[in-house]
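The figures here come from the full heavy-atom set of this structure, side chains too, leaving out hydrogens, waters and symmetry mates. We name chains A, B, ... by the order of the sequence lines, and we start the count at 1 in each one.
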Amino acid sequence: MSAEARSGESASSGSVPEYGILDPPPSPPSADVLRIVPGRGLVFSVSFVSSAGKKRLRPAQVVLSLEAVTIIPTDKKRGSSSPAPGVGESRHLWRDIARYGRRDEKSAIQLVEARPNGSRDSTILSFVLPSSAAVEWMYEAVAFFVTQAYVSHLNEAVGSGGSESGAANVGWAGDDTGAVAGLVDGAAPDLRQLVSGSRFSVRTKIINRFDEFQLKLHHWSMVQLLVSLHEALALEITSLRFCKLAGPALDAVATRLTDTLDAHREAIVGHPMFTWQQPRSEVREGLEMFAAVVLYGCVFRDHAALARDKALTKRISALQILPPTAFGVDAELAPALADTSALQANDHFVRARDKLHLVNAERCPRLKVVAILDACAAVYELIAQLSGASSIGADTLLPVLIYVILISRPPLLWTNLEYIQRFRAAEAMRGEEGYYTTQVWSAVTFLSSLDAADVVELHTQFLGLWRAHRSQA
Amino acid sequence: MAAAAAASKHVDLKIVFLGASGVGKTSLVQRYANDTFEPTQSTIGAAFTLKTWHGRRFGVWDTAGQERYKSLSAFYCRGAGAAILVYDVTKADSLHALDAYMDLLASAKDGCFKVLVGSKLDLAPDAREVTLDAAREYATSIDALHIEASAKTGDNVMDIFNHIGVGVFGFDAMTASANGSPASTPTPTASTSTVRLDDDSAAKSGSDKKKCC
């Protein structure tokens, strides 16, 4: 019981106030960040202010999994000034939470300390939950305490398209993605600047509506539903732990997720909070974004698609020297597009390029599709500006789109398209969103399917053009 | 209202346009989109058109017809409830060039409603190369409805979509358009096969369309 002694020490040192059983619970946390760790469940990192309102307690991480709620104190490296490893403090804190709302002894929650591998520093506190009632209100208590933090985190995660901040929030997602993205040597736009720009009207609307949905979803009366939703998602995360996922496995995940979300949607639509205002599709969109933010790190990386992306990146580099006509661009548009330095300075092209890069930076399938729509709108404007045509059909759009993709070199297109295909609702894909996603899909297919003979032929064509040009000059 | 705008993007029927480049697909789509009889919803470009037909939303997918992109058309056909196959009445080879699209259409929905459209009808009196009989015979062989239309004059363009609407949703949809709520009957495929048989035999609606030639 050395741990007991340690906590006694830290309590007696006077740095942590002791709460009596009748004392009021701590005020709601000023929580900062939340992380989701595959296989461990949902990790909340929360810092609390004691009921006296003076002492700021050491932050702790809460792992919410199916069997138990585990609190891992943050390691002492962060707060290097104080040598005490926060276990005692968190324990007091969580004892308070354990008392909060307790009604009978049957549902009493035991606080258990464990020291993995005999380590001195990393003591893990767990609550053993003896009954289902205890599980229920434990979730309720945790939901109560972390709601604010969670909402603000999710908003941030949805709102921050930037690859940097994305990697910071979801640490494990950045590794491979970054490495493959590093293959792209084209000029990458400053994504942070992009996101904070003022041109995001549709995107901003979507995010605002998602905020509204989030607030409603985290209302106290939704706790049961939220808990079951979290359980389902946490189960998914746990089962996908350390898996190297590719095509079929992810398809299965998508099917399961659709079923889960449909089931919850029915319950949510029936809830009084939502019946009077939100149309059914809104709830579906909200749930889809919610699940995407939680699961993104687990389900984005399709290893088969990542391999195809590597090949595509190489191929795109090899095809750079070919003229636009080689990809089917009309002869009248080709001269304007062939001058890449002028193209890079064209506003419409720059917007299309930035939006294509944004596709990879976004997380929610819907926002990825919105980025694709914006990119295609910019390509339309580019064509209209260069050719003066008023009505532009697919015959004109597709070749130029292929060429714009070739020049702007967006990262991980295959992976993103597969992700959209799997996790964007099927009914949305029959409309405009589906059409332009299909356009990009076929553009990428075209670039990928040019085999060696085609490339040689294209090069030969190019050489022919070049010789003709020289002989003219 | 932002929420309403998002909801209106929902599509009841996906219609895909197929045909070689230069046969006038895009002009037909344009003609249809700019017709003011039924409202057109705003989209980012002309290649995808969203239009309301008696309370149902039609999403019209234009495809790139160039030879080199032909294999890509399969992506566009996926889940299509109707397909419009376009040939040029003034080009003899454009009709049988459509053969290439037939196996691509296999990835469309079961019972995909097919319409064979001869474009550039306004040029037909002088430069017709595909006879009406040949086209009808071809239409029968691919189990499609046949219409000739002109994007320039607008002849029969709306009829193409009326036929599709009736063929997929049934006559009830046209007559019961007063309430105009698409949510009440969201299953388009149910009546497809039976109605198409009627149209193929050109019993009522087909016959008056062909009077124009």
At a 4.5 Å cut-off on heavy atoms, which part of B/T63 comes close to chain A: side chain, backbone, both, or neither? backbone
Counting only non-hydrogen atoms closer than 4.5 Å, does B/F17 touch chain A with its backbone (N, CA, C, O), its side chain (CB onward), both, or neither? neither
Take B/S150 and B/D122, measure what side chain to side chain donor-acceptor pair (under 3.5 Å) needs, and give me the verdict at the end. CA-CA 6 Å; B/S150 163; B/D122 52 303; 2.8 Å; yes
Are the side chain of A/S387 and the backbone of A/I383 linked by a donor-acceptor contact shorter than 3.5 Å? yes
Looking only at B/T26, B/V60, B/V29, the option with the highest number of non-hydrogen pairs under 4.5 Å against chain A is B/T26
Pick one of side chain, backbone, both or neither for [X], based on which atoms fall under 4.5 Å of a heavy atom in chain B.
X	result
A/Q439	both
A/Y380	side chain
A/I392	backbone

For A/E433 and A/V369, work out which heavy atoms get closest and say how close. CB-CG1, 3.4 Å
Mind checking whether A/Q421 and A/M429 have side chains closer than 4.5 Å, heavy atoms only? yes
Chain B contacts, top residue of A/A394, A/G434, A/A443 (heavy-atom pairs, under 4.5 Å): A/A394
Salt-bridge contact B/D143-B/K114 (side-chain N to carboxylate O under 4.0 Å): no
I want to know whether B/H96 and B/Y138 have ring centres closer than 6.0 Å. yes
